[in-house]
S.K.: 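First the structure, then my questions, so here it is.
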Amino acid sequence: MLKYPFKEIESKWQKIWEETGLYKTNENPRKKFYMLEMFAYTSGDIHMGHFRNYAIGDVIARYKMMQGYDILHPIGWDAFGLPAEEAAITRSLDPEKWTLGCIEVSRNTLKKMGISYDWNREVITCLPNYYKWTQWVFLKLFERGLAYQGESLVNWCPGCKTVLANEQVEQGTCWRCHSQVTKKTLKQWFFKITEYAERLLKSLDRLTGWPENVKTMQKNWIGKSIGTEIDFSMEKTGKLLSVFTTRPDTIYGVTFIAIAPENPLAKKIVEGTRYEKEVLKYIEKSILKTEIERVSTVTEKDGIFTGEYAINPLSRERVQLWVVDYVLASYGTGVVMGVPGHDQRDFEFARRYDIPIKVVIQPPGQNLDPSEMKEAYTEPGTMVNSGSFDGIPSEIGIKRVTDYVIEKGRGREKVNYKLRDWLISRQRYWGAPIPIIHCEKCGIVSVPEKDLPVLLPKGNIDFIPKGRSPLADVKEFTETKCSKCQDMAQRDPDTMDTFVCSSWYFLRYTDAHNDCEPFSKDKVKKWFPIDLYIGGVEHACGHLLYFRFITKVLFDAGYLPIDEPTFNLFNHGMVLDKNGEVMSKSKGNLISPVELMENNGVDASRLAMFFFAPSEREIIWNEESTTGTTRFINRIYNLVQNIKEYPLTQETQLPKTSELNEEQIRLCRKLNKYIKYIEQDIVALQFNTIIAKLMDILTDLEKIELNNSFGRYCLVNFIKLLALFAPHLGEELWQKMEFGESIFKSSWPVCDESVLKEEEITYIVEVNGKVRGRVSVPAETGEEEVKKKTMENEKVKGYLAGKEIKKAIFVPKKLVNFVVG
Ligand code: ANZ
Ligand code: ZN
């Protein structure tokens, strides 16, 4: 048996594909397909997760190519940001040098994979010809009032010495170094994503090709809440104090008011009172706690009395005002009406500090006694102890109380979102500089578009993090002229979050070499939106939200034809090591795709990867699995060695069934059935079942004569199906049959439905040995089904009616005999 010389053949085809420009994008697509995989973050080489992601995308791109689509299938590099900078610091290298080095290595690996990329459209986010346009995106947001600088309490990572976006805080720790995240008040740049909260939420319904779980994650992250703001008044000053509640029906049950520690009001209330010292101490202590800790349902509820009281606008009752750390300053009004009878946190809090508990919602048929309650009653019920609202079902009460406070001018309907504005400034070196100038006279001034890019200074820059922007110390960078008044002014020293770079890269691919614009409207219109986007689910509430937001902004600004980047998203599963653990550098269990390909070839590695599991599932990688796929490839290679010259047509015709024998008809039917199922499996990205089918067909092909028209028909179709998954092998065999043009320019096999129609067999039906009817069924119908069908036959039914079937004798393909008594 010959061994398939994968090294030679794979590099041969990669070279020819490149030379002939097989994957070059057609500038004027008639039928377009934009296939995109998330670009890679540059750190070292690509890993098995990328290998899987990119191989899946490659199958789809080739499939669409063979279906006659014009394909845009680009790749690029997410090259700015913390991880690259950290890696460079550890190695005492310049971040640019390190990053470009990584790209070189990774690019070579991708080229070894032979993926159908148009390399001509490669983008690298850390190069000026790209980040110039990232700065342009910033300016567009700035112009539209969607980029602003604000003083705020932000997430601060003491490890990375930088601020973090909410999306980068995972269970209270830094997404990158996992240090405990703390809070700091700093002036920072934000993108007003909250202004798009409603639209981001609403159009989730249009994303019909997105996984439900990602949509749910985004929905929860946006966190829309419909409620009521109610104004209490403070006893001493009479000033109004608004609370946000989703349960206005419980207003008569309020027994305290809780203010968030960071709410400026907290300090003001106690100013100059004997409570001041203790309250300030409490505020400082709670600010250091993480949000997770504060809102956790298990930690003990904690707070401090301010000495002040508030008046309930409905009951006129006087209640204590507390500072409480489970109230968050950044949500609602930062003030909560405490209803211990019907809110669990308030209940625990009230029990701890001996605050009264009132029942104002009674469960159906019960009479709750506050002194005996073990927990809050949070379900609907009937309003009680609620003045003129008594007897109203609580769900109706929500509306009634809201209407009442609106009428009295003491409240309003209010929608709140959990989503916060996107913090995009970073006090780090390795990022796109924010194109803003601070002028003493003119204030915040944007850099004019014609002066872009604001270049990141190079050379001897001390970029080790110190808690403030390294660029602030680079005079040549910061000292500039105000673009309005021409006086001396300062550049903003911050750089942008790397997620800004990746929020628009998919647009640049449509026009990657444009020096005058980020992309031309005309070109983007030809390719937008992305037809299929593949990547990891970990980006659900980060990148996948940001790229939708930026798309909407650029749509509003008139640059895009559609306000969603893609209606079809696919999340591939992770690749785990032998022990089921996530692969990472620190664990030392990384598997190098390069080694894998060198040992086994690209195609055998791809096939093994596909064969493990459906693409959305995790796989536990085991290199031994390539043994099976290598054997499979060798068998195919040997099979084709023996083919002789045979007159060929590109579209090998389906032979006439009348000229085929029974065995051939069976195989022909199977092949066509598989073509149909494989197509369905491709669309569902269930490649494992396809590989199994290909293996099955091979066994059949090994048994038949290939040097006749039927044999060739089967072989040609088999190779076309195979080529998506093992493209080098597919191309090699195709050329062996002397087809000339690339197999990927040939047309995709179509199932011939007429061969699928199965022959029918007529069963004789007997009752107690006497022929009572005849029933025709498809040839492959099983015993149970045949019996059922014959019993349902009108004539036979008559003979069986009212009798007990004691036995049913079944003779395959011939007869059913019912024995009745
Ligand atoms: C009184 C009340 C009574 C509440 C009751 C609930 C049950 P969502 O759905 O998340 O919007 N709340 C309001 N602002 C808050 C803040 N800044 N920090 C912590 N909690 C806050 O929940 C809204 C409810 O969360 C509000 O309704 C308020 O408590 C609390 F039986 O008001 B409720
Ligand atoms: Zn100025």
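Each ligand, and each atom within it, is numbered from 1 in the order the structure gives.
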S.K.: Under 3.5 Å, N/O to N/O: give me all the pairs between ligand 1 and the protein, one per line with atom names and distance.
M.R.:
| unit_1 | atom_1 | unit_2 | atom_2 | d |
| --- | --- | --- | --- | --- |
| ligand 1 | 10 (O) | Lys418 | NZ | 2.8 |
| ligand 1 | 11 (O) | Ser225 | OG | 2.6 |
| ligand 1 | 11 (O) | Tyr331 | OH | 2.6 |
| ligand 1 | 17 (N) | Leu328 | O | 2.7 |
| ligand 1 | 17 (N) | Tyr331 | O | 2.9 |
| ligand 1 | 18 (N) | Leu328 | N | 2.9 |
| ligand 1 | 20 (N) | Arg345 | NH2 | 3.4 |
| ligand 1 | 27 (O) | Thr245 | OG1 | 3.4 |
| ligand 1 | 27 (O) | Thr246 | N | 3.1 |
| ligand 1 | 27 (O) | Thr246 | OG1 | 3.4 |
| ligand 1 | 32 (O) | Thr245 | OG1 | 2.8 |

S.K.: Which atom pairs, one a donor and one an acceptor, fall under 3.5 Å between side chains of residues 321-332 and the rest of the protein, sequence neighbours left out?
M.R.:
| unit_1 | atom_1 | unit_2 | atom_2 | d |
| --- | --- | --- | --- | --- |
| Trp322 | NE1 | Gln320 | OE1 | 2.9 |
| Asp325 | OD2 | Lys289 | NZ | 2.8 |
| Tyr326 | OH | Asp346 | OD1 | 2.6 |

S.K.: Less than 4.0 Å between a side-chain N and a carboxylate O, is that true for Asp494 and Lys187?
M.R.: no

S.K.: Nearest 0.5 Å, what's the CD-CG distance between Glu229 and Asn416?
M.R.: 7.0 Å

S.K.: Could you pull out every donor-acceptor pair under 3.5 Å between side chains of residues 561-569 and any protein atom, sequence neighbours left out?
M.R.:
| unit_1 | atom_1 | unit_2 | atom_2 | d |
| --- | --- | --- | --- | --- |
| Asp563 | OD1 | Arg206 | NH1 | 3.3 |
| Asp563 | OD1 | Arg206 | NH2 | 2.8 |
| Asp563 | OD2 | Lys552 | NZ | 3.2 |
| Glu564 | OE1 | Arg548 | NE | 2.9 |
| Glu564 | OE2 | Ser203 | OG | 3.0 |
| Glu564 | OE2 | Arg548 | NE | 3.3 |
| Glu564 | OE2 | Arg548 | NH2 | 2.9 |
| Glu564 | OE2 | Lys552 | NZ | 2.7 |
| Thr566 | OG1 | Ile530 | O | 2.8 |
| Thr566 | OG1 | Asn568 | N | 3.2 |
| Thr566 | OG1 | Asn568 | O | 3.1 |
| Asn568 | ND2 | Asp531 | O | 3.1 |

S.K.: Kindly assign one of parallel, tilted or perpendicular to the pair Tyr505 and Tyr533, based on the angle between their ring planes and the thresholds 30° and 60°.
M.R.: tilted

S.K.: Please, which pairs that meet side chain to side chain donor-acceptor pair (under 3.5 Å) have at least one residue in residues 379-401, sequence neighbours excluded?
M.R.: Lys399-Asp403

